[in-house]
Amino acid sequence: MALIELRNVTKRYQVGEQEINALAGIDLEIAQGEFAAIIGPSGSGKSTLMHLLGCLDTPSTGIMKIDGVDVSKASGNRLAEMRNQKIGFVFQSFNLLAKLNVLQNVELPLIYAGISARVRKEKALAAIERVGLSHRIHNTPLQLSGGQMQRVAIARALVNSPKIVFGDEPTGNLDSNTGATILQMFRELSQQGSTIVLVTHDNNIAAQAARRIEIRDGLIVNDTINPPVPAPATSTPAAAV
């Protein structure tokens, strides 16, 4: 069974008297552990598709299932439960709270989930260790590099052990070397069983994923498997990025 399953999904928006067809009938399956990139130009529908897949919205028509749960007509509360239990997000702008340190930022999803303070700390420390930033837990975002801030964002996305991690242009604010390190981290997470879905307009980024899903005019026009990406010759120290 696919982890993500869409059948003839459409999404329409009313803007004044004009109806916008953002998605025109999407059929898509993504399996557990896949590393996929959704690519398309501005206005193609890729951001709308990510909003649906991330349970931030529901389709106008069609069937959408996440981990076997039909969320096609789910309520706002049910969508929030799905996001908290099954989904992690990593954004281009990191979305870290400047006044909180690394540990506190990573703990936030667990606070919303009502997890006890002791368990929160244990889970957050484990997620931070996973991204190689255990030595930075008391630093605030302003004391970190861009790559380190994105690692914190990844740790926060992983802290609830989600089935799916979505990245919205997650390397857009990083230099090319740091971006490559972050993409390598996503590949490793996929190899460990996490399902990674990146949204990008950059062909070079899409080429780093195992699967490239191209969307135009609200339709999937190409869905291909990329050649394997060679493993890096040496790893970059966590403190450097």
Side-chain angles (χ1 to χ4, degrees), residues 1-13 19-75 78-92 157 162-171 183 186-187 189-229:
M1 182 179 66
L3 182 62
I4 296 172
E5 181 180 358
L6 277 67
R7 292 285 177 259
N8 197 28
V9 163
T10 69
K11 185 62 183 180
R12 297 186 294 271
Y13 297 102
E19 186 175 75
I20 305 297
N21 291 306
L23 297 178
I26 296 289
D27 292 308
L28 178 65
E29 289 188 2
I30 296 176
Q32 177 73 43
E34 277 202 85
F35 180 17
I38 298 173
I39 186 169
S42 178
S44 63
K46 67 181 186 299
S47 295
T48 300
L49 179 57
M50 191 196 76
H51 273 72
L52 294 186
L53 296 177
C55 291
L56 294 164
D57 203 352
T58 55
S60 298
T61 61
I63 300 297
M64 182 172 72
K65 295 181 179 180
I66 306 294
D67 197 20
V69 177
D70 189 340
V71 293
S72 308
K73 300 184 185 302
S75 67
R78 182 61 176 132
L79 291 178
E81 288 177 3
M82 292 291 290
R83 291 195 301 272
N84 190 264
Q85 295 170 4
K86 298 181 182 292
I87 295 169
F89 292 97
V90 180
F91 300 98
Q92 177 177 346
K163 289 288 189 75
I164 312 161
V165 175
F166 289 103
D168 186 3
E169 301 283 3
T171 62
L183 288 171
F186 281 125
R187 278 194 292 275
L189 290 171
S190 174
Q191 291 164 5
Q192 294 165 12
S194 296
T195 303
I196 310 294
V197 181
L198 304 185
V199 173
T200 184
H201 67 280
D202 189 330
N203 274 301
N204 292 325
I205 300 301
Q208 302 297 307
R211 180 179 174 190
R212 181 182 187 276
I213 302 164
E214 183 179 359
I215 183 168
R216 288 182 180 272
D217 300 323
L219 290 169
I220 293 174
V221 296
N222 196 16
D223 188 347
T224 57
I225 302 300
N226 284 330
V229 176

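Nothing here was measured: the structure is a model prediction, and the numbers come from that model.
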Qualifying residue, where the test is side-chain contact (heavy atoms from CB on, under 4.5 Å) with Ile30 and the options are Leu3, Ile4, Ile196 = Ile4

Below 4.5 Å, heavy atoms only, C-beta onward: do Arg78 and Val69 meet side chain to side chain?
-> yes

Would you please test Leu49 and Ile213 for side-chain contact (heavy atoms from CB on, under 4.5 Å) and show each step?
-> CA-CA 11 Å; Leu49 179 57; Ile213 302 164; 5.6 Å; no

When rounded to the nearest 0.5 angstrom, what distance separates CD1 in Ile87 from CE in Met82?
-> 6.0 Å

If you take all heavy atoms of His201 and Lys46, which pair is closest and at what distance?
-> N-CE, 4.1 Å

Test log, rule side-chain contact (heavy atoms from CB on, under 4.5 Å), inputs Met50 and Val197 | CA-CA 9 Å; Met50 191 196 76; Val197 181; 6.0 Å; no

Heavy-atom pair with the smallest gap, counting every atom of Pro59 and Ser72 | CD-O, 3.3 Å

Do Ile26 and Ile215 come within less than 4.5 Å of each other through their side chains, counting heavy atoms only?
-> yes

Just by distance, with hydrogens left out, do Asn222 and Arg216 show a side-chain donor and acceptor under 3.5 Å apart?
-> no

Interatomic distance, OG@Ser75 vs CD@Glu81, rounded to 0.5 Å, equals 7.5 Å

List in chain and number order the residues that pass salt bridge (charged side-chain N to carboxylate O under 4.0 Å, His left out) with Lys65, two or more places apart in sequence or in another chain; answer none if no residue qualifies.
-> none

Passing candidate, side-chain contact (heavy atoms from CB on, under 4.5 Å) with Val9, options Leu52, Leu28, Ile63 | Leu52

So do Thr58 and Val71 actually touch side chain to side chain, heavy atoms under 4.5 Å?
-> no

For residues Pro170 and Leu198, determine if any side-chain heavy atom of one lies less than 4.5 Å from a side-chain heavy atom of the other.
-> yes

Determine whether the side chains of Ser60 and Thr10 contain a donor N or O and an acceptor N or O closer than 3.5 Å.
-> no

Is the side chain of Ser190 donor-acceptor paired with the backbone N or O of Thr195 at a distance under 3.5 Å, no angle test?
-> no

Residue that, paired with Lys11, satisfies side-chain hydrogen bond (donor to acceptor under 3.5 Å, both in side chains) out of Asp57, Thr48, Thr61 = Asp57

Sidechain-backbone polar pair: Arg83 side chain, Cys55 backbone, donor-acceptor under 3.5 Å = yes

Say you draw a straight line from CD of Gln208 to CG of Leu183; how long is it, rounded to the nearest 0.5 Å?
-> 5.5 Å

When every non-hydrogen atom of Glu34 is compared with those of Ala31, the smallest separation belongs to OE2-N, 2.8 Å

Can any side-chain N or O of Gln32 pair as donor or acceptor with the backbone N or O of Gly193 at less than 3.5 Å?
-> yes

Do Asp202 and Thr200 meet the criterion of a side-chain donor-acceptor pair at a distance under 3.5 Å?
-> no

Kindly indicate whether the side chain of Thr171, heavy atoms from C-beta on, has any atom under 4.5 Å from the side chain of Phe186.
-> no

Could you tell me the separation between the OG atom of Ser44 and the CD atom of Glu214, rounded to the nearest 0.5 Å?
-> 8.5 Å

CD1 of Ile39 to CD1 of Ile205, rounded to nearest 0.5 Å, is 9.0 Å

Neighbour count >12 (heavy atoms, 6.0 Å) for atom CG, Asp70 | yes

Could you please spell out the steps behind the side-chain contact (heavy atoms from CB on, under 4.5 Å) verdict for Phe35 and Val229?
-> CA-CA 12 Å; Phe35 180 17; Val229 176; over 6 Å; no

Measure the shortest side-chain to side-chain distance between Arg7 and Asp27 over non-hydrogen atoms and say whether it is less than 4.5 angstrom.
-> yes

Which atoms form the tightest heavy-atom contact between Val90 and Ala157, and what is the distance?
-> CG2-CB, 3.7 Å

Where Leu53 and Met64 come nearest, the two heavy atoms and their spacing | N-SD, 4.2 Å

So how far is it from Asn203 CG to Arg212 CZ, rounded to the nearest 0.5 Å?
-> 4.5 Å

Below 4.5 Å, heavy atoms only, C-beta onward: do Ile164 and Ile66 meet side chain to side chain?
-> yes

